[in-house]
Each structure stands twice: as C-alpha cells, then as structure tokens.
2 protein chains.
Amino acid sequence: MVEFADLNSVAFDMAPIGIVLTEQRVIRVVNDVFAGLTGRRKDALQGLSFRELYDSPREFDDFRDIGMAALQRGETYSDERLLAKQGGVATWCRFRARTLTPADPLARVVMTYAAISDVSSGVRLTPREREVVVFLSQGKTSKEIALVLGLSPRTIEDVRARLLKKLQVRNVTELLSRLASGDF
Amino acid sequence: MVEFADLNSVAFDMAPIGIVLTEQRVIRVVNDVFAGLTGRRKDALQGLSFRELYDSPREFDDFRDIGMAALQRGETYSDERLLAKQGGVATWCRFRARTLTPADPLARVVMTYAAISDVSSGVRLTPREREVVVFLSQGKTSKEIALVLGLSPRTIEDVRARLLKKLQVRNVTELLSRLASGDF
DNA sequence: AAGTGATACGGTATCAATACCGTATCAATA
DNA sequence: TATTGATACGGTATTGATACCGTATCACTT
C-alpha cells in the first residue's frame, strides 16, 4: 500500500477538477487537470502571471474587482467563465476561488476550474434559444414564457423542440441536467 | 516564501471543493472541505467505509452500479446528489469521480464534492426522496425510475408529489432550479 | 435568384406530469 | 393504544410537453 503523503499528492493531481494556487496572481502550484485545461505543461505554468491565461487584460481585471468582496468576507467566490486554452480553443468552466489571506485577498488564492463544456466543439444556440433556455432553467412553462416575451405559446414550443433536437435530448429536464454537468 | 511541497498540501486542503480518495470504498485521504461537508473530523473519516456517509446501504450501492461504466472507460463520472451531514442536514452537491485503476475501478477513486446548496430550510427529505431526486436531476421519467428501482410508476409519482409539496414548487424543473441556485 | 436557417404561428395526436380520490402496510412514537 | 409519516399502489381528470403535419416572413448566403 502506498504511504500517506503519496496518496495526498495523488488525490491532488488526479482530482477530476483543475486546481491552481496563486500568490499575487502569480501561479505557484497547479495540478495535472488544470495544466490540461490550459493546454500547457505544468512547469511552463509555474511562475506565470494569471494574466497570460485570459484573452484580454480587461477580462483579467474584471475578476479582480468582481470576486474581491466575497473573498474579503472569507467566502468562496464562484461564477462561470471561459478559460483560454493554448491554440485558441476556450473551455466554459465553473470557477471557484477562496483566499487563504482575507486581509490581502490576492496574496494567496486557491482556485478550481470544473470544465462544463468546450464552446469550440459545442452546439451553437441562437439568441432566441439562449433567451428561452434561461426561463426553462427556472421551471417556467411555455405559457408563462410566452406571456413574458409577448409570443404565442406555440412559438415557445417550437423553440423547445429546436433545443431538444439540437442537443439530442428527450425533455427539458435532461437538457438542463446535461448543461449543468457539461455533457455538451 | 513557503516551499513547494507545503504549497501543494495547502492547495489540496483549501481548495473550495471537498476532495476524498478511497480504496475499495474505504476512505484514505480527505481534505478539510470534505470533512466540513460531512460534519466530521478528518481523523474520524480515515479508514471509514463510504457506506457510513449514506443513510441506507441501498443509496450506497446505487452509485456503485451507476457510475461504474464511465469509470471503467477512464472517464470522469459526474452527477448531482445529496451528501448527508451529521445532524440531519443535507448538502446538494455536484459530485465527480475518477478512478486511478480502470481495471478494478473501485480500487482507488478520487471524488470531489462541490457544495451547491444546503437543504436546511426546515425541510427534511426521506431516504426514498433523496434517492429519487437524483434520478429526477438526470431528467429521467417516472417510468424509467420505476424500472431501475423495481417499483410501480405510480409510486414514483407519489414521491414526486411529496417532493413538490414539501419544497412548495409546481414542477420538477422548478425544484431542480431552486436546488441549483440554493433557494432551499 | 434560389436556397437555408431562424422566427412565428396553427392544428392535432400522444405521452408525461400533476392533482385529486381511494386503500393498505409498517415503524415509530405520543 | 392510537396516531402519524413514510411507503406502495390503483383509478381518473386535467394540464403540460412532445412530435408530427402545415404555412409564412425575413435575413443571409451561395
């Protein structure tokens, strides 16, 4: 049987989720899965600024402002975001962050990235479909959605049908379940 | 600055998700967050069978069968499920599992639990309700669930009705939506 | 100029889900 | 002992969802 310290590092590296630890936004530790998400080698990530992983400096700064309040309160911050992969491909991720130093939140942060779906290889939804899927995820019926959008319930059923066909599922609950688990 | 090995274990323990490594379903390694999710001490979890974390042996066995196929293919298995906390409170989690030993999947598994919401608003779900809500979150129909559990579809509809009444929602999609957003 | 995909809407048929009615067993407990 | 809650099942009625049929407009692209 493997010894305890070894198992710890195995659990860290093989956890089915990307993990990265930064100090003042400089990458100090990553696990194998995170390296895979970024399409870079582990040693290439060491010491790299987190800025390099975003497409634009603005995206980078956005998070610094958005997540800061939660971090200072010692809470876990979470959202969904794109993680840039080398080669232009992006991965849609559930992102979570927690600081180890609430007084100076960015001094040491542990972040996780759970891949939801590859936007590049995924199915493209139309604006109307994206609009409706939000109402569907709130448990609204076709009639209720039609009322809000000022359309015929029949039209909402059309959008539902298009969504089910595009994503190859049998009902809306399965659609939402697969969206949440990143099957698309 | 702290040395590398230390940072690794910090990243492991402070990652904003629960991580647990099991060997033949016996808990070998857990991080601080997982211990917190279960309401138990880290040392109390060491060596414990995973069975102890579920209310009934049936709930325990359910997963073993459901996730096995994906694990054998070396893929990450994921669903949403309730993790029982000591004291009766349950936490709705995004669950992910990956085996390190595809030939004998349960020999060594790393699992993560990302807390979605505490079902803590005075609502207590029964074992059967918890069992069924997992299938519902996968978009399964009453007939499909009845087949798997060896019950009448009529009985599954009873459980559905109890869940809707308990959580004061009008349909299953709304139930799942509120679970996912932490409204309970 | 023709074709394609998205939008919007109507009808209809079928299946699933929800909401009631009822009975019955069983375990816990007041 | 009586009651309560969970489980399990049957019937039935209504609403919602899904799957087809059709037409039509509009923007965009071959």
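Naming: A, B, ... by sequence-line order, numbering from 1 per chain.
Under 4.0 angstrom from either OP1 or OP2 of D/dA17 there lies at least one side-chain N or O belonging to A/Ser142. The side chain of B/Lys140 contributes no N or O atom lying less than 4.0 Å from OP1 or OP2 of C/dA16. Taking 4.0 angstrom as the limit, B/Arg160 places a side-chain polar atom (N or O) nearer than this to OP1 or OP2 of C/dA17. B/Thr141 has no side-chain polar atom (N or O) that falls below the 4.0 Å cut-off from OP1 or OP2 of C/dA16.
Checking D/dA8, C/dT18, C/dG11 against every side-chain atom of B/Asn171, the shortest atom distance belongs to C/dT18. Listed candidates were D/dA6, C/dC9, C/dA16. Nearest to the side chain of B/Thr126 is D/dA6. Of the listed nucleotides (D/dA8, C/dA8, D/dA6), C/dA8 has the atom at the smallest distance from the side chain of A/Asp158. If you check C/dG11, C/dA8, C/dA17 against the side chain of A/Thr155, the one that comes closest is C/dA8. Comparing C/dT18, D/dG16, D/dG11 against the side chain of B/Leu164 picks out C/dT18 as the nearest. Distances were taken from every side-chain heavy atom of B/Arg154 (C-beta onward) to each of C/dT18, C/dA8, C/dC21; the shortest belongs to C/dC21. With C/dC9, C/dA6, C/dA16 as the choices, the nucleotide that has an atom nearest any side-chain atom of A/Leu151 turns out to be C/dC9.
The closest side-chain heavy-atom distance from B/Phe135 to B/Val148 is below 4.5 Å.
One can place CZ of A/Arg128 at 15 Å from C1' of D/dA27, the figure rounded to the nearest angstrom. To the nearest angstrom, P of D/dG16 lies 9 Å from CD of A/Glu144. Nucleotide D/dG16 holds its P atom 12 Å from the CD1 atom of A/Ile145, rounded to whole Å. Straight-line distance from the CG atom of A/Leu147 to the C1' atom of D/dG16: 15 Å, rounded to whole Å. Rounded to whole angstrom, the span from the CG atom of B/Leu163 across to the P atom of C/dA19 amounts to 12 Å. Spacing between atom CZ of A/Arg170 and atom C1' of C/dT14 amounts to 15 Å, rounded to whole angstrom units. The CD atom of A/Glu131 sits 16 Å away from the P atom of C/dA6 (whole-angstrom rounding). To the nearest angstrom, C1' of C/dC9 lies 15 Å from CG of A/Leu149.
When all heavy atoms are compared, the tightest approach of B/Gly139 to A/Asn171 is O-ND2, 3.2 Å. Contact between B/Leu45 and B/Arg40 at its shortest, heavy atoms only, is CD2-CD, 3.7 Å.
Both B/Pro153 and B/Glu129 sit near DNA chain D, but only B/Glu129 has its closest nucleotide nearer the 5' end. Of the two residues near DNA chain D, A/Ala161 and B/Glu157, the one whose nearest nucleotide lies more 5' is B/Glu157.
Judged by distance alone, with hydrogens and angles left aside, the side-chain atoms of A/Thr99 form a donor-acceptor pair with the main-chain N or O of A/Thr101 at under 3.5 Å.
Within 4.0 Å (heavy atoms only), B/Val172 reaches sugar-phosphate atoms of the nucleic acid but no base atom. Within 4.0 Å of B/Lys165, counting heavy atoms only, lies no atom of the nucleic acid at all.
Side chains of A/Thr22 and A/Arg108: no donor on one and acceptor on the other come within 3.5 Å.
D/dT15 and C/dA16 make up a base pair, with Watson-Crick or G-U wobble contacts both under 3.5 Å.
The stretch residues 22-46 of chain B participates, sequence neighbours left out, in these ring-ring contact (aromatic ring centres under 6.0 Å, His included) pairs: B/Phe34-B/Tyr113.
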